[in-house]
Amino acid sequence: MIQKFNFTCMTGAFAMAVTTPALADTIDVAPGADAQERLQEALILAEPGDEIVLGEGYFTLTDGLSLDVDSVTVRGAGMDKTVLDFTKQIGAGEGLLVTSDFVTLRDFGMENPKGDGIKSKGADAIVYHRIRVEWTNGPSPENGAYAIYPVESTGVLVDGVKVSGASDAGIYVGQSKDITVRNSIAEANVAGIEIENSRNAVVEGNIATRNTGGILVFDLPNLPVMGGGNVVIRNNLVVGNDEPNFAPPGNIVGGVLKGTGVLVMANDGVWIENNILTDNSTSDVMVVTYPQPYDDDTYNPYARNVVIGQNVYARSGTDPQFDGREMLLAAFGGALPPVLWDGLAEGDTGLKATTGTHGWSLNLAAVGDGPDKAQPGPLVVPSDVVSYDEATIGAPEELSARING
Amino acid sequence: MKHGLFLAATMFAAACVTANAGSPPQVNDVVVTETRLPRALSDFGFFADAAKQVPVNGVTPYRLNTPLYSDGAMKLRFLYLPAGARAVSDGEGLLSLPVGSALIKTFAFGDGEDRRLIETRVLLHRADGWLALPYKWNDEQTDAKLAIAGARVDLTTPRGESISYRVPNKNQCKECHGLAGEVVPIGPKARNLSHDWQVSLVSAGLLDEVSGTERALPLWEDRMMATPDAAARAYLDVNCAHCHQPGATASNSGLDLRWEQTLPDAIGIGKRPVAAGRGSGGLMFDIVPGKPDESILVHRMKSNDPGVAMPELGKSTIDEDGVAVVARWIEGI
């Protein structure tokens, strides 16, 4: 048997282990030899209140990192200056896993994780601030699924991040509530920003461009947390989402059509207003039921109480990725209207759109009908739009206060 | 003491005699229950002869009917109960072990004289819950040191594969051992423990009663004699369900691979992936009845690529025997 120990990893840990700091500490970690062990050790031995400060440069990492201590801040020197480099990763399903509450991640970048980028699971009151996660080879089905991936959490603030190359969603918030995603850039992912099986979310001030689809709001069946809704999409720039879909088949986003701006699929209460939506070649906005067969009595496949307010639309629907494309373009005079609805409503909870919204409907008869059953026609929906309750959406104020100080 | 009756190796019997001669060495209960992060495995005093893995009195070896695959490592498992304490059965589930107990698992590669101990993982039941810690053996094989950040060790598996073996870090211990926010043992469930071993513990006063043996998991070495369903579901329970169940690390996938789960959707039959990413391998469902090659579950078991490979932690090689058992089951669904 050939055997060689190639790391020793306890140097320095003893000294830290035997002293329990009475006050919050700052723990500096620099790039260089044994970065994996030194950084992971710092993440394990941190005490609540501590700040782990990552030095400038590239940290070469071979295994996933994880943080399981509450109230820790991990801070780098800037999203382009401190980089966690997972190009040589050989183990674990993500770059960094956070499983504790009140964590702040800020001012560092991450490149080429083999699976997901940063996953926070059951991690309440988490802040992602000025984080960059990027697959540097550009769009590829070989890239990880999610760049920023909070799931099963209450209180999520994603602010000022940049994500690029994710083969599923750049910013993916799943099975969570009280969420703000703002002032971030999602570029060249399959889905730029996705809010899935989540409630009380606001997505605002973001740029979603060159993705297959810009901003997605989904509710999927057979998951521990369902009943997504009360989601507001406002003041975003959703332009030129023209990347051919590069999701590995089998994933739900593999069905997102190139040139989708905002897509709402099954949900209860979604508002889309004051966005600039242009150059999305299939549709600026799509509102649809969940189309696939499912076996889950507790699941509601309809998009309910979706409200389209005032938005700026331009140059959309010029190259829709539908069968019968030529006929549709001819029928609509060269380009489809910016809003597409599948025409399926549960009772009177269907789509509403402010006066002057141009759209078209597939006029499907039943959930599960394919586009082959469509009887396209102009969008005719009520315009008596109701507003949302600002107090019920978004991350708690404490999370913003943490990064404003 | 009747413990260890089921063990074929006579080494243990001989060693117990030696260990019982004169003043017997004892486990250090203070280290088990109080020392914040014990630095060395020897601090606990679990072994009379650590290199030979001969336990002291009060530390009882055991095996599991169906074990977790770990790159083909030989595993030496031990249960420590403090003086006067006993384990309490809870149906077919985990034995309830009192505060002060410990579970010890050593991972070794090579046979006979060539056997090398690589790491020992300990689970300590303390007043505030279970604590999981990894210890890495030194080259001299005299002791193992706390490897809180984990480590990698180059070695060759029984199949002859040269791998970078991963010793998990303390947080990674919790990724598998975490359930509803607590750290819990995984292995010693009554249904996965030998009936004879339980009997020996009961007669030694270390366990209240034998349980869980009506629907026990099959012995792994006898898997071809078990029904395809039992062999595969046992394998999935032991290798996957610590994460894939409600309240555990992969709960958000909606996949529940526990032995007791019977809903077809929950165990993956006709279930679409949720967050698999490229792990889907272009396939549509976790399990397609009759078609293991079209089942994502098998695809991920057959991968070594981080981001695709399942389990995510604790294996660097493909478990061909495990794949065969699961494929055989899916073919017959």
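Everything numeric in this text was worked out from a predicted model, so none of it was measured. Letters A, B, ... mirror the listed sequences (proteins, then strands); counts begin at 1.
For the set A:D295, A:L220, A:D168, the entry with the most heavy-atom pairs within less than 4.5 Å of chain B is A:D295. Interface remark: of the candidates A:K114, A:Q175, A:E142, A:Q89, A:K114 forms the most heavy-atom pairs closer than 4.5 Å to chain B. Top candidate by heavy-atom pairs under 4.5 Å with chain A, chosen from B:G307, B:G282, B:G254, is B:G282. Listed options B:V167, B:I296, B:N171, B:D256 were ranked by heavy-atom pairs under 4.5 angstrom with chain A; first place goes to B:N171. Counting heavy-atom pairs closer than 4.5 Å to chain B, the top residue among A:S66, A:P141, A:A166, A:P113 is A:S66. Of the listed residues A:V253, A:L223, A:L65, the one with more heavy-atom pairs under 4.5 angstrom with chain B than any other is A:L223.
What you find for A:G250 and B:P273 is that their closest heavy atoms are O-CG, 3.2 Å. Annotation for B:S164 and A:I90: closest pair OG-CD1, 4.1 Å, computed over non-hydrogen atoms. Among all heavy-atom pairs drawn from B:V274 and A:Y172, the shortest one is CG1-OH, 4.5 Å.
Between B:K170 and A:Q40 the shortest side-chain heavy-atom distance does not fall below 4.5 Å. Taking 4.5 Å as the limit, every side-chain heavy atom of A:E37 sits out of range of all side-chain heavy atoms of B:I148. Residues B:N169 and A:E41 form no side-chain contact, since every pair of their non-hydrogen atoms from C-beta on lies 4.5 Å or further apart. Two residues are said to be in side-chain contact when any heavy atoms from C-beta on lie closer than 4.5 Å; A:P249 and B:L283 fail this criterion. Looking at heavy atoms from C-beta onward, B:L37 lies in side-chain contact with A:L45 at the 4.5 angstrom threshold. Two residues are said to be in side-chain contact when any heavy atoms from C-beta on lie closer than 4.5 Å; A:K121 and B:S251 meet this criterion. Contact of the B:R272 side chain with the A:N222 side chain is not registered, since no non-hydrogen atoms from C-beta on lie closer than 4.5 Å. In this structure, the side chains of A:S140 and B:R278 stay at 4.5 Å or more apart for every pair of heavy atoms.
The neighbour count for B:E182 CD, taken as heavy atoms of other residues, nucleotides or ligands under 6.0 Å away, does not exceed 12. By the 6.0 Å contact criterion, CG on B:D111 is open, its count of non-hydrogen atoms from other residues, nucleotides or ligands being 12 or less. Within a 6.0 Å radius of NZ in B:K75, more than 12 heavy atoms belonging to other residues, nucleotides or ligands are found.
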#### Entry: salt bridge (Lys or Arg N to Asp or Glu O under 4.0 Å) between A:K119 and B:E312, worked out
CA-CA 14 Å; A:K119 179 177 181 180; B:E312 287 184 345; 5.8 Å; no
### Task
Given salt bridge (Lys or Arg N to Asp or Glu O under 4.0 Å), test A:D68 with B:K174 step by step and report yes or no.
CA-CA 9 Å; A:D68 190 39; B:K174 189 178 170 185; 2.7 Å; yes
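Heavy atoms of A:N143 lying under 4.5 Å from chain B belong exclusively to its backbone. The part of B:S253 that comes within reach of chain A is its backbone (N, CA, C, O), which places non-hydrogen atoms under 4.5 angstrom from that chain. The part of B:T249 that comes within reach of chain A is its backbone (N, CA, C, O), which places non-hydrogen atoms under 4.5 angstrom from that chain. Only the side chain of B:D265 has a heavy atom closer than 4.5 Å to any heavy atom of chain A. Proximity to chain B is absent for every atom of A:Y294, based on heavy atoms less than 4.5 angstrom apart.
Interatomic distance, A:Q36 CD to B:R152 CZ, rounded to the nearest 0.5 Å: 8.0 Å.
With A:N251 contributing its side chain and B:G277 its backbone, the two residues share a donor-acceptor pair below 3.5 Å.
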